[in-house]
2 protein chains.
Amino acid sequence: MDDDVVRSARLRPGRNRPGAGDDLADLGPCESAVPMPVEVPEATVSRLPQYLRALSALAEAGLRTVSSEALAEAAGVGSAKLRKDLSYLGSYGTRGVGYEVGELHQHIADRLGLTSSWRVVIVGIGNLGHALAGYGGFASRGFSVVGLFDVDPTVVGEVVSGLRVRPLDDLEATVREGGATIAVLTVPAGVAQGVCDRLVAAGVTSVLNFAPTVIRVPDHVDVRKVDLASELQILAFHAQRKAHVRVGEVV
Amino acid sequence: MDDDVVRSARLRPGRNRPGAGDDLADLGPCESAVPMPVEVPEATVSRLPQYLRALSALAEAGLRTVSSEALAEAAGVGSAKLRKDLSYLGSYGTRGVGYEVGELHQHIADRLGLTSSWRVVIVGIGNLGHALAGYGGFASRGFSVVGLFDVDPTVVGEVVSGLRVRPLDDLEATVREGGATIAVLTVPAGVAQGVCDRLVAAGVTSVLNFAPTVIRVPDHVDVRKVDLASELQILAFHAQRKAHVRVGEVV
DNA sequence: AAGCGTTTGTGAAGGCACGCACAAAGTCGT
DNA sequence: ACGACTTTGTGCGTGCCTTCACAAACGCTT
């Protein structure tokens with residue numbers, strides 16, 4: 001599972017900081033000093049987007065409430081796992097009834113930080129960068145692409161889905177002036193580390209890396225990797241295993 | 001990861017013999033030279049492509065041998081984990097020296113099933129399908145794209161990187177006549193399940209799904225999911241957490 | 001040949017996640 | 001109002017994965 005390699009600041013399991021004074025916790029009548037000692041496990045976080053999508057589908061279908069069984073079915077997980085995952089976010093279900101679709105959707109979206117629209121820059125407008133720039137799934141989910149960058153002069157200036165591709169040197173200014181920004185790296189493997197270093201220096205703390213190479217970043221920066229070739233190779237491994245079993249070799 | 005959701009035939013958890021328990025003497029061969037008595041854990045499989053890529057880079061750099069420490073560094077993992085992973089494939093290292101780069105590369109490639117070139121079909125030649133069809137990383141790693149399919153008549157007939165896009169109805173014939181095939185799904189979410197059903201019916205047992213939806217398949221079919229929006233949302237979660245910590249809220 | 005430094009392979013321990021099963025809590029029918 | 005039914009929230013056992021730590025194995029030097 002952690003197939004996805006995240007270099008995230010690991011939280012210390014035992015101790016968490018006592019009251020810092022102002023907590024924006026919702027409306028929980030927390031009698032004790034610590035408002036929400038809840039730490040969402042990484043495995044749970046990775047499933048929240050699935051739940052969110054399932055909830056969107058159910059809302060479109062017109063359902064107002066949904067049981068953990070039904071939602072789990074829609075999301076492709078077990079109901080017990082779903083309930084435990086949701087329990088990390090707090091108790092938003094009604095026993096005997098289920099979850100209110102809209103409310104739960106809102107809560108998960110809040111937790112994922114989708115209330116504010118995140119700025120996204122795409123660096124490397126090649127085959128894949130083009131495709132991602134034109135992908136509608138970003139804007140519809142709280143992400144707005146605010147910049148396209150490339151070094152190739154023949155690509156710079158081109159307009160892709162309403163945005164002009166700018167030279168790589170404009171990158172720093174765009175990131176600095178805009179605040180928190182997520183960078184999508186779709187550059188060749190050879191230059192990925194260098195470009196990433198520039199992004200980090202400019203203040204980017206979240207990187208989605210499509211380049212087939214390991215990039216190193218400071219501890220405060222999160223990197224998630226998407227590697228198409230790796231996925232195919234993993235499929236090939238299982239396919240070969242299946243083939244061998246069919247032939248009669250030992251598992 | 002999970003994480004990434006793989007629906008693979010559950011491996012038998014019982015008798016797992018990683019490597020050797022009988023290093024004392026060559027008493028009796030408990031069984032006749034079995035080629036692979038080892039069950040490779042899923043988590044290990046998901047890292048093999050990384051190791052393979054790191055080995056390729058090291059080979060290009062001219063190194064002949066590499067220590068677990070150095071290879072782990074290149075692959076971005078811990079050395080102990082690397083050694084244990086490799087131990088599931090057998091013992092190909094030399095104590096006091098390290099691993100022979102070319103030999104290890106060969107062994108991992110064998111295990112991943114990259115000796116034979118896998119056939120890949122891409123279904124759905126939209127933005128992303130275009131990009132993947134033109135992605136050079138496939139052919140260079142043992143995968144050959146043998147078919148592009150779409151329903152849109154305005155796309156059918158178009159030639160993308162040397163292959164003509166064919167109508168979806170040609171899909172069954174192509175899959176059936178070609179043997180084992182991996183399908184890449186880059187269709188809209190609404191039709192993903194239907195297209196996948198056709199693929200499975202035609203004999204496909206490995207699917208790489210880019211559609212942002214859960215697809216259901218029989219037990220003997222492997223599905224891996226790549227979801228760009230989910231990755232961004234997970235990054236947003238961590239980014240928001242970091243922001244709150246910085247502001248002074250409780251973790 | 002023997003000792004020394006290096007590196008692998010692996011037993012063992014700890015942590016994390018998953019799933020079961022059930023009490024608590026709510027709704028619905030009568 | 002009350003009992004029966006439904007569904008959530010979660011304590012707990014189990015198994016997988018990771019990490020540590022070290023003995024065995026190898027090359028190199030003397």
Asks: Any chance you could lay out the side-chain contact (heavy atoms from CB on, under 4.5 Å) test for B:Val40 and B:Leu89, step after step, and finish with the verdict?
Replies: CA-CA 7 Å; B:Val40 183; B:Leu89 307 184; 4.1 Å; yes
Asks: Return all side-chain donor-acceptor pairs below 3.5 angstrom for residues 54-66 of chain A, not counting sequence neighbours, or 'none' if the list is empty.
Replies:
residue, atom, partner, partner atom, Å
A:Ser56, OG, A:Leu52, O, 3.1
A:Ser56, OG, A:His105, NE2, 3.0

Asks: Sequence neighbours excluded, which residues qualify as side chain to side chain contact (heavy atoms under 4.5 Å, CB included) partners of B:Asp110?
Replies: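 Side chain to side chain contact (heavy atoms under 4.5 Å, CB included) check on B:Asp110 returns B:Gln106, B:Thr115.
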Asks: Not counting sequence neighbours, which residues clear side chain to side chain contact (heavy atoms under 4.5 Å, CB included) with A:Pro188? List them please.
Replies: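 With neighbours one apart ignored, the set is A:Val191.
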Asks: Going by the rule side chain to side chain donor-acceptor pair (under 3.5 Å), which residues pair with A:Ser230 if we only count those two or more places apart in sequence or in a different chain?
Replies: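 Listed in chain order: A:Asp227, B:Arg53.
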Asks: Pairs under 3.5 angstrom, nitrogen or oxygen only, protein versus nucleotides 1-5 of chain C, please.
Replies:
none

Asks: Base, sugar-phosphate, or nothing for A:Gly78, non-hydrogen atoms under 4.0 angstrom?
Replies: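 A:Gly78: no heavy atom of the nucleic acid under 4.0 Å.
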Asks: Counting side-chain heavy atoms from C-beta on, which of C:dA17, C:dT27, D:dC20 comes nearest to A:Val97?
Replies: C:dT27
Asks: Could you state the OH-P distance from A:Tyr88 to C:dC16, rounded to the nearest angstrom?
Replies: 10 Å
Asks: Collect all protein-nucleotide pairs involving nucleotides 22-24 of chain C in which both atoms are nitrogen or oxygen and the distance is under 3.5 Å.
Replies:
residue, atom, partner, partner atom, Å
C:dA24, N3, A:Arg95, NH1, 2.7

Asks: Is B:Lys81 near enough to D:dT19 that one of its side-chain N or O atoms lies under 4.0 angstrom from OP1 or OP2?
Replies: yes
Asks: Below the 4.0 Å mark, does D:dT7 have OP1 or OP2 next to a side-chain nitrogen or oxygen of A:Ser68?
Replies: no
Asks: Hey, which of these two, B:Tyr99 or A:Thr94, hits DNA chain C nearer its 5' end, going by closest nucleotide?
Replies: B:Tyr99
Asks: Check side chain to side chain contact (heavy atoms under 4.5 Å, CB included) between A:Tyr135 and all other residues, then give those that pass, not counting sequence neighbours.
Replies: A:Phe138, B:Pro212, B:Leu228
Asks: So which protein N/O to nucleotides 28-30 of chain D N/O distances come out below 3.5 Å?
Replies:
none

Asks: According to side chain to side chain donor-acceptor pair (under 3.5 Å), who are the partners of B:Thr186, at least two apart in sequence or on a separate chain?
Replies: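 Here no residue qualifies.
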Asks: If you look only at pairs with a residue in residues 76-100 of chain A, which of them pass as a salt bridge (Lys or Arg N to Asp or Glu O under 4.0 Å), with sequence neighbours excluded?
Replies: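 Salt bridge (Lys or Arg N to Asp or Glu O under 4.0 Å) check on residues 76-100 of chain A returns A:Arg47-A:Asp85.
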Asks: Under the salt bridge (Lys or Arg N to Asp or Glu O under 4.0 Å) test, which residues partner A:Glu73, sequence neighbours left out?
Replies: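 By the salt bridge (Lys or Arg N to Asp or Glu O under 4.0 Å) rule, A:Glu73 matches B:Arg216.
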Asks: With respect to the side chain of B:Ala80, which nucleotide from D:dC17, C:dT8, D:dC20 is positioned closest?
Replies: D:dC20
Asks: How many whole angstroms separate atom CG of B:Leu82 from atom P of D:dC20?
Replies: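 The answer, rounded to whole Å, is 15 Å.
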Asks: Any donor-acceptor pair under 3.5 Å joining the side chain of A:Lys84 to the base of D:dG9?
Replies: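 When only heavy-atom distances are counted, A:Lys84 does not reach the base of D:dG9 through any donor-acceptor pair under 3.5 Å.
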Asks: I'd like to check the side chain to side chain contact (heavy atoms under 4.5 Å, CB included) partners of B:Ala180; sequence neighbours left out, ordered by chain and number.
Replies: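 Residues passing side chain to side chain contact (heavy atoms under 4.5 Å, CB included) with B:Ala180: B:Trp118.
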